[in-house]
**Q** 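Structure below; questions to follow.
Note that this is a predicted model, so its numbers are computed, not measured.
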Amino acid sequence: QVQLAESGGGLVQPGGSLRLSCVASGSSSSRVAMDWYRQAPGKQRELVATISLYGYTNYADSVKGRFTISRDNAKNTVYLQMNSLKPEDTAVYYCKSPSGQWGQGTQVTVSS
């Protein structure tokens, strides 16, 4: 069973950057695919970015041009590079595997 562990969250000022990591352990695949979701207080969890097994990426309109999803298959790790952060990006960020496993989440707070 795949287990996921996110890291890299924290407090950042508006306009700043963070890079989140999601390590997948227990996977037998040579390529890693993953979704990044986020959930802000009082809101539903929303899909932020996706990378497929073939490396295709897709983004929510709200983060296009600011966030980049990438991966290192050798490390079974998917990254979410977040630039030009806004207060409305504040949320708990989760990674989710194609098999439906969720990580524990990492808090991102954008505030001055």
**Q** Please report the closest heavy-atom contact between Gly8 and Leu18, naming both atoms and the distance.
**A**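 Shortest heavy-atom contact: O-CD2, 3.8 Å.
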
**Q** Strictly distance-based, threshold 3.5 Å: is any side-chain N or O of Thr90 a donor or acceptor partner for the main-chain N or O of Glu88?
**A**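 No.
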
**Q** Check for me whether the distance between the ring centres of Trp102 and Tyr37 falls short of 6.0 Å.
**A**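 Ring-ring flag for Trp102/Tyr37: true, centres closer than 6.0 Å.
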
**Q** Minimum heavy-atom separation for Ser111 and Pro14, please, with both atom names.
**A** C-CD, 3.6 Å

**Q** Ignoring hydrogens and geometry, is there a side-chain-to-backbone donor-acceptor pair from Asn73 to Val32 under 3.5 Å?
**A** yes

**Q** Between Lys86 and Asp89, is there a salt bridge with N-O shorter than 4.0 Å?
**A** no

**Q** Please name the pair of heavy atoms, one in Trp36 and one in Leu80, separated by the smallest distance, quoted to 0.1 Å.
**A**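 Reported closest heavy-atom pair: NE1-CB, 3.6 Å.
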
**Q** Dump the intermediate steps for side chain to side chain donor-acceptor pair (under 3.5 Å) on Asn58 and Thr50, then the final yes or no.
**A** CA-CA 5 Å; Asn58 201 17; Thr50 296; 5.9 Å; no

**Q** With a 4.5 Å cut-off on side-chain heavy atoms, are Phe67 and Val48 touching?
**A** yes

**Q** Can you see which heavy atom on Gln107 is nearest to which on Val92, and at what distance?
**A** OE1-CG2, 3.2 Å

**Q** For the residue pair Ala33 and Ser52, what are the closest heavy atoms and their distance?
**A**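 For Ala33 and Ser52, the tightest heavy-atom pair comes out as CB-C, 3.7 Å.
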
**Q** Quick one: does Gln39's side chain have a donor or acceptor within less than 3.5 Å of a partner on Tyr93's backbone?
**A** no

**Q** Could you tell me whether a side-chain N or O of Gln104 sits under 3.5 Å from a main-chain N or O of Glu6, the two making a donor and an acceptor?
**A**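 Looks like yes, one N/O pair under 3.5 Å.
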
**Q** Scan for salt bridge (Lys or Arg N to Asp or Glu O under 4.0 Å) pairs involving residues 39-60, sequence neighbours excluded, and state none if there are none.
**A** Arg38-Glu46

**Q** To the nearest 0.5 Å, what is the distance between CD on Gln3 and OG on Ser25?
**A** 5.0 Å

**Q** Whether the side chain of Arg31 engages the backbone of Asn76 through a donor-acceptor N/O pair (distance < 3.5 Å, no angle test) should be reported.
**A**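 Not at all, since once roles are kept as given, no pair shorter than 3.5 Å links the two residues.
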
**Q** When clusters are formed by joining ILVMFWY residues with side-chain heavy atoms under 4.5 Å apart, either directly or through shared neighbours, do Val63 and Leu85 land in the same one?
**A**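 Yes.
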
**Q** What do the steps show when you test Asp72 against Thr77 for side chain to side chain donor-acceptor pair (under 3.5 Å), and what is the final call?
**A** CA-CA 5 Å; Asp72 184 334; Thr77 301; over 6 Å; no

**Q** Hydrophobic cluster membership, with links at side-chain heavy-atom distances under 4.5 Å among I/L/V/M/F/W/Y: are Val108 and Tyr59 in one?
**A**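 Hydrophobic grouping puts Val108 with Tyr59.
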
**Q** What's the shortest heavy-atom distance between Ala60 and Leu47, and which atoms?
**A**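 Shortest heavy-atom contact: CB-O, 3.5 Å.
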
**Q** Do the non-hydrogen side-chain atoms of Gln1 and Gln101 ever get within less than 4.5 Å of each other?
**A**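 When only atoms from C-beta onward are counted, Gln101 and Gln1 do touch, with a gap below 4.5 Å.
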
**Q** Which other residues end up in the same hydrophobic cluster as Val23, if Ile, Leu, Val, Met, Phe, Trp and Tyr are linked when side-chain heavy atoms come under 4.5 Å apart?
**A** none

**Q** Is the backbone of Leu11 close enough, under 3.5 Å, to the side chain of Thr109 for a donor and an acceptor to pair up by distance?
**A** no

